[in-house]
There are 2 protein chains.
Amino acid sequence: MEECCTNGSLKLQKLIALSEYLKIISDANRLQILCLLKNGEHCVCNIHGALGLPQNLTSHHLKALRDAGLVTWRRDGKWVHYSLNTDRISYLTKLFEQVILGGDCGDQSIRAGMCQLQKA
Amino acid sequence: MEECCTNGSLKLQKLIALSEYLKIISDANRLQILCLLKNGEHCVCNIHGALGLPQNLTSHHLKALRDAGLVTWRRDGKWVHYSLNTDRISYLTKLFEQVILGGDCGDQSIRAGMCQLQKA
DNA sequence: CAATCATATCAATTATTATTGATATGATAT
DNA sequence: ATATCATATCAATAATAATTGATATGATTG
């Protein structure tokens, strides 16, 4: 049976995957980048201009988003344009719903309202 | 007009609030705690037992979740039982949807596909 | 009230991440 | 080819957060 808190269970794998994504998007600067990209693709210069971040820091955060697969990019002459990877955003959203909102933990070994130690 | 990337805008405030929540739940241990609490309230002993975490570390993470308002607790003799604050979870979910999925950035000063620097 | 149990707090350490400054790369224009 | 522009990378530092060990608190039991 699929369990929440058991080593190696599918639910735990999903939970850890979600945790990794959330670490990436929980940075306010990166979240702003994602938000900005909702209205279409932008070059790095626009992104760091809009957010008031130094260029290298912007690149650094974009790399994190790229590595997580949350954005894609294309080169256009001197410029590089970034876009949302909407498929990956959807996947992240699905994971969020499954882990945070989805049914109960599934761990039958621990029942609500019945403290294990209370029995002893 | 409500903007994404402008100082003090409502969207930015929401974005920062979301960022704070995500920092709390992006820790795998805390995410496991939340997941475990989906099947009802649990005492600290069950939580640290189920996750295999030391008692003090579990308390530490529970404090973070409490401070963020994501869980509530009640004392029951020697035990303390924690539960999800489902209202707050719903609010977090709403924020997530608004910031991540909601309409575009709203920042008219920067238009998709048109690099500011390109004009110069 | 002394002992014990469940939980919380605190200080110290370790680990992780963000930020900065300097430099490299890859493209275009002169 | 050289200069310049846009972006990326790298090393160093600064800032944050997780973990540990020791101790405190609050409740219960004998």
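Convention: sequence-line order gives letters A, B, ...; per-chain numbering from 1. Bear in mind the structure is a predicted one, so any value in this text is a computation, not a measurement.
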Exercise for the section: Hey, could you give me the CD1/CD1 distance between B:I89 and B:I25, rounded to the nearest 0.5 Å? Expected result: 7.5 Å

Fill in the blank from the handout: note: A:D27, atom CG; D:dA15, atom C1'; distance rounded to Å ~ 13 Å

Exercise for the section: Calculate the interatomic distance between B:D67 atom CG and D:dT16 atom P; express it in whole Å. Expected result: 17 Å

Problem - From A:I24 atom CD1 to A:L31 atom CG, the distance as rounded to the nearest 0.5 Å - result: 12.0 Å

Practice task
Send over the distance from A:I33 CD1 to D:dT7 P, rounded to a whole Å.
Solution key: 13 Å

Exercise for the section: Compare all side-chain heavy atoms of B:Y21 with those of B:Y91 and state whether any distance is below 4.5 angstrom. Expected result: yes

Handout entry: All pairs passing salt bridge (Lys or Arg N to Asp or Glu O under 4.0 Å) where residues 88-99 of chain B contributes a residue, at least two apart
Key = none

Practice task
Could you tell me whether the phosphate oxygens of D:dT19, OP1 or OP2, come under 4.0 Å of any side-chain nitrogen or oxygen in B:N29?
Solution key: yes

Side-chain polar contacts of residues 61-68 of chain A - donor-acceptor pairs under 3.5 angstrom, sequence neighbours left out - could you list them?
residue: A:H61; atom: ND1; partner: A:R30; partner atom: NH1; Å: 3.0
residue: A:K63; atom: NZ; partner: A:D67; partner atom: OD2; Å: 3.0
residue: A:R66; atom: NE; partner: A:Y82; partner atom: OH; Å: 3.2

Fill in the blank from the handout: note: B:H48, atom NE2; C:dA6, atom P; distance rounded to Å ~ 9 Å

Problem - Whole angstrom value for the distance that separates C1' of D:dG26 from NE2 of B:H81 - result: 15 Å

Handout entry: Selected nucleotide, minimal atom distance to B:K23 side chain, candidates D:dT28, D:dA17, D:dA6
Key = D:dA17

Please tabulate, one pair per line, each protein N/O and nucleotide N/O from nucleotides 8-10 of chain D that are separated by under 3.5 Å, including the distance.
residue: D:dA8; atom: OP1; partner: A:Y82; partner atom: OH; Å: 2.6
residue: D:dA8; atom: OP2; partner: A:S59; partner atom: OG; Å: 2.8
residue: D:dA8; atom: N7; partner: A:Q55; partner atom: NE2; Å: 2.8
residue: D:dA8; atom: N6; partner: A:Q55; partner atom: OE1; Å: 3.3

Handout entry: Rounded interatomic separation in angstrom, taking CD1 from A:I24 and P from C:dT16
Key = 14 Å

Fill in the blank from the handout: Between CG of A:L51 and P of C:dT19 the distance, given in whole Å, is 11 Å

Problem - Side-chain heavy-atom pair A:L95, A:I100 within 4.5 angstrom cut-off - result: no

Practice task
Please determine if a side-chain N or O atom of A:H61 lies less than 4.0 Å away from the OP1 or OP2 oxygen of C:dT17.
Solution key: no

Fill in the blank from the handout: When rounded to whole Å, the CG to C1' distance for the pair A:L65 and C:dA18 reads 14 Å

Exercise for the section: Drop me the distance from B:T72's OG1 to B:L84's CG, to the nearest 0.5 angstrom. Expected result: 8.0 Å

Exercise for the section: Select one nucleotide: of C:dA18, C:dT7, C:dA27, the one nearest the side-chain heavy atoms of A:K78. Expected result: C:dA27

